[in-house]
2 protein chains.
Amino acid sequence: MYKKINIKDIARIAQVSHTTVSRALNDKSRIRQETKEKILSIAKELGYRPNFIARSLVLKRTRTLGLVITNIANPFYTELAQGIEKTATKLGYSIILCSTQSDISTEKQYIEMLRSKGVDGIVFSSAHMEDPNIVALAEEEFPITLVNRRTYHPVVKEKVNYVGVDNILGGFLAVEHLIRLGHERIGVIGGSAESSVGLERLEGGKKALSTYGLEQRNDYFLEGNFLKKSGYERGKQFLKMAELPTAIFAASDYMALGVCQAILEEGLRIPEDVALIGFNDIEFSSMQGIELTTIGQKKFEMGAIAVEMLVEKIEKGEERTSAKEVLLMPELIIRKTCGFHLKGYQIESTNPSPPTLSPEGRG
Amino acid sequence: MYKKINIKDIARIAQVSHTTVSRALNDKSRIRQETKEKILSIAKELGYRPNFIARSLVLKRTRTLGLVITNIANPFYTELAQGIEKTATKLGYSIILCSTQSDISTEKQYIEMLRSKGVDGIVFSSAHMEDPNIVALAEEEFPITLVNRRTYHPVVKEKVNYVGVDNILGGFLAVEHLIRLGHERIGVIGGSAESSVGLERLEGGKKALSTYGLEQRNDYFLEGNFLKKSGYERGKQFLKMAELPTAIFAASDYMALGVCQAILEEGLRIPEDVALIGFNDIEFSSMQGIELTTIGQKKFEMGAIAVEMLVEKIEKGEERTSAKEVLLMPELIIRKTCGFHLKGYQIESTNPSPPTLSPEGRG
DNA sequence: TAGTTGTTTGAAAAAACTTTCAAAATCCCT
DNA sequence: AGGGATTTTGAAAGTTTTTTCAAACAACTA
């Protein structure tokens, strides 16, 4: 049986007090180089492993972060989670994974647990619009950051950092692309009403419609929940309409894949019968046989920035008070589900400049 | 500023000792019902939140598990991770996520960290064949379980629990399916040599070949690493051969998707020119436009069983000494990449019985 | 009433570490 | 050699909780 050895064991062998051992181990001053080396070598020899929980108890720091996410199965979140986990370990933190299935009360329990376990901060990747848990944390000034989804609550806006894409621009780009390809009846499948990103993408889409002078038909806006199944169902709904849209913008690739399934099942072709554009650019969107045109966003980088901001907040403490907001630029990724390639256009630069192209490509 | 309140604060207000408060909070005996209720109500009113790290210090239990995984981005692992996370929380544990990118020394650092943080156990989803870190843990009898990949090291086999699929059977099923459809030149893309599952699947494939009296050609066995890119590259390699295989079995769907890309790029059709079968049945394999025939395994359940076994080991302690090994049954899932549907067979039951079907379907 | 039993409570120790403060040791200068 | 300054070390307290042991208290029996 391996007995765990602690700072006192080392002290006894090195013939010093455990205080001195602590100083040696933590590379503190007020210790002679010689004694430090001796202690270090003994520690190494004994295979000493520091007990972080004892340390945490006195330091009130665990170097552990919570990650609350709806569901890792969603490919968008797994890429995000990767960025988060990687940069957390780079910065010396580990992360506790919490998947809430979007349930506010599950989220609350997770938060309770995380705080009892003494995490130094939490990153939320899927905040609800009016998430009371997040508001409470913000009021208490507990270190958190929001990534991807945000909350419009004033105290959250004032106090907590946020990273995301410019979803309004993204939505605009998506619908604009459809419009430029000649579509006038454009169906939009939004995210759930609890998600800021869905709303913002929808808003961007509507903006494109009005910029190009197209009618906004209410029956062409359907609410989804970002999941494949919901894309499938909303897609079917569109396809049953008397005057069905000629193009569909789904607020996530995952949903777009569901729409794809629905369209194909009805015996329709993509993009000839109905064009399809998604959002996120998950890995599978680029697969042969799918080749979904979509709005790309830097998911890994988003996660990385989120934890960098959080760690800065934790370590810098109260120094910076105002909340930062960083918005990454979305990017139109043209593949084959909108028919761009069929019309023989050459791929142009897709940087997010204001709409200048004359609608010559219509019809 | 919210000051954290502790057991002593409650004691002061309730006019009892903190010992008594502890008893009330933990629902222990040796306390009068009346005092207990009083204490509980005070605790609630003050918003008391137990400090798990102090508790952990004395109890030597953290109710936290480590999950070491190569990479959450691989869809197979995300489904597995879901099963793990969900049942961990169900059993009152939280999990710290560690993605090693298959690097042994990164893994070692993660293990050090996890142990310093006092996790009660670790689940390894991607053990290397001769992983020294795992051997060391096993020798020390630190609670771990292996899921998916295993190690053939004798002390690990003797001491640590394992859950996985019957990969040999799975490989057999895959290649058998190809053989029954008339293929005689079957290329296999294995996993990396460090992975037990790749080896076992290959072994199963070879077994099918010999069972049906087919030649085993060494140039038809290529080593991959389970990732899409490696499937693409190995696929290309096969397609450049003078006598290219008429069917390919890839040891993971993720690789099969890469192979798919390679085949399509070469202007060949699936399954008419070359048939393709994968392993894992990840969610995207069932997508329209892909419809990959594959070997299914219960990933979520596998994860669930892994943590159940681990928790049992942790909580039961030394009571059960011999290591359990649970092997789930793989299942042939026939979709469209092997051409089964083209031949007008009706879908038969695919339970893993010994090969009885006469090879009437050949040619 | 004394003695026994059983229940309820609290003091103190323990877990493994960091930090503060004071004491001891060393060094330098006159 | 003596005194001040500086460096090195250790004792003790603190972090929050659980647990052991003993004390106090109530109730019951003889």
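A quick note: this is a predicted structure, and the numbers were derived from the prediction, not measured. Each chain gets a letter, A, B and so on, in the order its sequence line appears, and its residues count up from 1.
Atom NZ in B:Lys36 sits about 15 Å away from atom C1' in C:dT9, given to the nearest Å. Rounded to whole angstrom, the span from the CZ atom of B:Arg12 across to the P atom of D:dT16 amounts to 12 Å. Rounding to whole angstrom units, NE2 of residue B:His18 and C1' of D:dT19 are separated by 10 Å. For the pair A:Leu59 CG and D:dG14 P, the interatomic distance rounds to 17 Å; values are reported in whole Å. If you take CD1 of A:Ile7 and P of D:dG10, they are 13 Å apart, rounded to a whole angstrom. Rounded to an integer number of Å, the gap from A:Asp27 CG to C:dT18 C1' is 15 Å. Atom CD1 in A:Ile39 sits roughly 13 Å away from atom P in D:dT8 (whole-Å rounding). Put simply, CG on A:Asp9 is 13 Å from C1' on C:dC17, counting in whole angstrom units.
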Given B:Glu325 and B:Arg150, is the salt bridge (Lys or Arg N to Asp or Glu O under 4.0 Å) satisfied, shown in steps? CA-CA 10 Å; B:Glu325 175 179 305; B:Arg150 69 168 107 192; 3.3 Å; yes

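Atom NZ of A:Lys157 sits in a crowded spot, with more than 12 heavy atoms from other residues, nucleotides or ligands closer than 6.0 Å. A 6.0 Å sphere centred on NZ of B:Lys36 holds more than 12 heavy atoms belonging to other residues, nucleotides or ligands.
With DNA chain C read from its 5' end, the first of the two nearest nucleotides for B:Arg23 and A:Ser22 is the one closest to B:Arg23. Ranked by how close their nearest DNA chain C nucleotide is to the 5' end, B:Thr19 and B:Ala54 are led by B:Thr19.
Across all strands shown, B:Ser56 has no heavy atoms under 4.0 Å from either base or sugar-phosphate atoms. Residue contacts for B:Leu57: at a heavy-atom cut-off of 4.0 Å it reaches a base atom on one of the strands shown. Within the 4.0 angstrom heavy-atom criterion, no nucleotide atom of any strand lies near B:Ser29. In this structure, A:Lys8 reaches neither bases nor backbone, as no heavy-atom distance under 4.0 Å exists between it and the strands shown. Using a 4.0 Å heavy-atom criterion, one finds that A:Arg30 contacts the bases of the nucleic acid, with or without backbone contacts as well.
The nucleotide whose nearest atom lies closest to any side-chain atom of A:Arg32 is, among D:dT8, D:dA12, C:dA16, D:dT8. Closest contact between the side chain of B:Val58 and the listed nucleotides C:dA15, D:dT15, D:dG10 involves C:dA15. Taking the side chain of B:Thr20 as heavy atoms from C-beta on, and the options C:dA12, C:dT9, D:dG10, the nearest nucleotide is C:dT9.
Annotation: cation-pi pair B:Arg63/B:Phe52 absent, no NZ/CZ under 6.0 Å from the ring centroid and within 45° of its normal.
A donor-acceptor pair under 3.5 Å is absent between the side-chain atoms of B:Ser22 and the main chain of B:Thr20, judged by distance alone.
Note that the CD1 atom of B:Ile72 and the CG atom of B:Leu80 stand 12.5 Å from one another [nearest 0.5 Å].
An OP1 or OP2 oxygen of C:dA15 is reached within less than 4.0 angstrom by no side-chain nitrogen or oxygen of A:Lys4. Dashed line: the shortest gap from a side-chain N or O of A:Asn26 to OP1 or OP2 of C:dT18 is under 4.0 Å. For C:dA16, one of the phosphate oxygens OP1 or OP2 lies less than 4.0 angstrom from a side-chain nitrogen or oxygen of A:Asn6. Between B:Tyr48 and D:dT17 there is a side-chain N or O to OP1 or OP2 distance below 4.0 Å.
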